[in-house]
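Working notes, beginning with the structure itself.
The structure displayed is predicted, hence computed values, not measured ones. Here is the naming used below: chain letters follow the sequence lines, and residue numbers restart at 1 for every chain.
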2 protein chains.
Amino acid sequence: MSGPMIRVLLADDEHLIRGAIATLLGLEPDLEVVAQVSRGDEVATAVREHRPDVVVLDIEMPGMDGLTAAEGLPGQAMIILSSFGRPGYLRRALAAGVRGFIPKDASADELATAIRKVHAGGRYLDPEMAASAMMAGDSPLTDRERSALSLAAEGASVRQIATALHLTEGTVRNYLSSAIAKLGATNRITAIRAAQEKGWL
Amino acid sequence: MSGPMIRVLLADDEHLIRGAIATLLGLEPDLEVVAQVSRGDEVATAVREHRPDVVVLDIEMPGMDGLTAAEGLPGQAMIILSSFGRPGYLRRALAAGVRGFIPKDASADELATAIRKVHAGGRYLDPEMAASAMMAGDSPLTDRERSALSLAAEGASVRQIATALHLTEGTVRNYLSSAIAKLGATNRITAIRAAQEKGWL
DNA sequence: TCGCCACGATGACAAATGTCAAAGGACGCT
DNA sequence: AGCGTCCTTTGACATTTGTCATCGTGGCGA
């Protein structure tokens with residue numbers, strides 16, 4: 001097979017990792033890394049400029065996280081590279097039109113395979129990730145509960161959360177309390193940890 | 001120069017990253033990756049078996065973190081690869097006898113340089129890391145304060161912390177309170193975030 | 001030796017957090 | 001329309017957390 005090369009854009013904030021992956025992919029005869037960016041908010045510009053066939057996005061990046069960046073690129077063939085299995089991320093990614101999702105502890109072969117599949121219009125989901133996403137299911141939190149807990153995770157007090165959401169303090173306490181209950185936690189801190197663990201935050 | 005190759009052991013939990021770095025280092029004519037492990041608690045065994053010249057350790061690993069692993073290998077030439085700049089880590093690393101410390105967003109050249117320097121008995125510290133470690137200085141927390149905050153970060157209540165540390169609940173509250181004050185925080189959650197940010201946890 | 005200071009420890013008090021029962025509204029189902 | 005269910009919102013109350021004044025101890029310099 002000697003068709004044109006698959007043009008790949010790589011977005012990851014860690015230079016060493018990004019360079020290493022680029023080198024690995026460059027060893028594949030049919031893949032070509034045409035551009036690299038280190039910030040989520042540079043992805044859109046780079047896509048317009050280089051018109052890659054497939055975009056590989058890390059989730060954790062400064063400026064804008066990979067999932068948000070993906071949501072701004074409808075129709076683009078994309079693969080999310082996730083540091084660790086937060087099942088909630090997989091749902092958001094699929095909702096954003098991402099067709100490939102693999103954890104960083106997959107092998108390089110797996111990444112190359114995913115790129116080829118996604119470029120051909122197919123899907124590639126890491127089997128373990130998919131399974132754990134099934135197990136974890138949807139977030140049990142309502143919108144309000146998630147917002148309140150999310151602000152609490154930034155260190156905001158009940159009063160500050162109430163102001164930000166235009167609610168009474170009592171209401172905020174109630175949302176936090178029910179979030180704690182739904183997450184099987186006993187206080188704000190364990191609830192935050194549990195929600196972040198699942199990618200529900 | 002045609003001396004023997006520098007034998008490197010690579011410890012990192014993410015397969016893709018580890019493989020990519022191994023490939024990159026393998027391209028250097030004087031470096032040879034003789035073994036790879038994915039868990040901190042496998043490092044000691046692998047070192048005994050393969051006798052590498054230099055060990056490259058990621059900080060975040062299952063089983064045992066890279067710093068703890070380093071503390072168990074006195075005399076071994078080691079380099080810590082840190083995901084992100086927690087200045088406190090640098091201190092712990094130096095105390096453990098680590099002579100190389102670079103962030104993951106350094107370039108591959110920088111890693112290779114660090115390996116050669118450390119192998120030759122020298123030091124290699126990323127300039128930016130070193131500067132921010134100077135800025136951040138030592139942890140202002142006393143041992144008790146750090147233990148209490150650390151347990152709180154796991155989600156423990158005051159009662160649980162008191163039991164674990166064999167203290168009165170009032171005493172624990174006092175330690176947490178003074179930790180909060182020292183960190184310029186307003187509550188437990190922001191204190192935990194601040195301490196983790198600096199690597200003081 | 002004598003202060004001085006930092007750390008460990010404690011309980012009383014104030015403030016923030018977590019729980020509960022309840023009421024209104026939106027939505028789908030019969 | 002009538003019913004049930006779920007989300008949102010609220011205030012009262014219980015519990016947990018944070019602050020403060022205080023005391024003892026051990027090191028360190030004058």
Legend entry - Nearest-nucleotide pick for A:Arg159, side chain only, options being C:dA16, C:dC20, D:dA21: C:dA16
Inset, instruction - Evaluate the side chain to side chain donor-acceptor pair (under 3.5 Å) criterion for residues A:Thr171 and A:Asn174: first the C-alpha distance (whole Å), next the side-chain angles of each, then the deciding distance (0.1 Å), finally the verdict. - result: CA-CA 5 Å; A:Thr171 308; A:Asn174 192 17; over 6 Å; no
Inset, instruction - Specify the separation, in whole Å, of atom CD1 of A:Ile180 and atom C1' of C:dT17. - result: 8 Å
Inset, instruction - Measure from the side-chain heavy atoms of A:Ser177 and tell me the nearest of C:dT19, C:dA9, D:dT9. - result: C:dT19
Legend entry - Short side-chain N/O contact to D:dT19 OP1/OP2 from B:Ser178, under 4.0 Å: no
Legend entry - Approximate separation, where rounding is to 0.5 Å, of A:Lys104 NZ and B:Asp12 CG: 9.5 Å
Inset, instruction - May I ask you to check whether over 12 heavy atoms, not counting those of B:Arg159, lie within 6.0 Å of atom CZ? - result: no
Inset, instruction - Rounded to the nearest angstrom, tell me the gap between atom CG in A:Leu141 and atom P in D:dC7. - result: 11 Å
Inset, instruction - To the nearest Å, give me how far apart CG (A:Leu176) and C1' (D:dT9) are. - result: 14 Å
Legend entry - Spacing of CG belonging to A:Leu151 relative to OH belonging to A:Tyr175, to within rounding of 0.5 Å: 13.0 Å
Legend entry - Nucleotide D:dT17, atom P - distance to CD1 of B:Ile192 in whole Å: 11 Å
Inset, instruction - Output yes when at least one side-chain N/O atom of A:Arg188 is less than 4.0 Å from OP1 or OP2 of C:dT17, else no. - result: yes
Inset, instruction - Would you indicate which nucleotide in D:dT19, C:dG18, C:dT10 comes nearest to any side-chain atom of A:Arg173? - result: C:dG18
Inset, instruction - Compare the minimum distances between each of C:dC20, D:dA21, C:dG18 and the side chain of A:Asn174, then state the nucleotide with the smallest one. - result: C:dC20
Legend entry - Check: A:Asn187 side chain, A:Thr190 main-chain N or O, donor-acceptor pair, under 3.5 Å: yes
Inset, instruction - Take atom NZ of B:Lys182 and atom P of C:dA6, then tell me their distance rounded to the nearest Å. - result: 10 Å
Legend entry - Atom-to-atom span, CD1 of B:Ile189 to C1' of C:dG18 - whole angstrom: 13 Å
Inset, instruction - Side chain of B:Thr142 only, please: which of C:dT19, C:dT10, C:dG8 is the nearest? - result: C:dG8
Legend entry - Donor-acceptor side-chain pairing of A:Asp65 and A:Thr68 below 3.5 angstrom: yes
Legend entry - Nearest listed nucleotide, side chain of A:Leu167, among D:dT9, C:dG8, D:dG18: D:dT9
Legend entry - Any A:Thr168 side-chain N or O less than 4.0 Å from OP1/OP2 of D:dT9: no
Legend entry - For atom CD of B:Glu145 and atom P of D:dG18, their distance in whole Å: 14 Å
Legend entry - A:Ser157 side-chain N/O to C:dA16 phosphate OP1/OP2 under 4.0 Å: no
Legend entry - Atom-to-atom span, CD of A:Glu169 to P of C:dA16 - whole angstrom: 8 Å
Inset, instruction - With the side chain of A:Asn187 defined as its heavy atoms from C-beta on, choose the nearest nucleotide among C:dC20, D:dC20, C:dG18. - result: C:dG18
Inset, instruction - Determine: side-chain N/O of B:Arg144 to OP1/OP2 of C:dC7, distance under 4.0 Å, yes or no. - result: no
Legend entry - Nearest-nucleotide pick for B:Thr171, side chain only, options being C:dT10, C:dG8, D:dG18: C:dT10
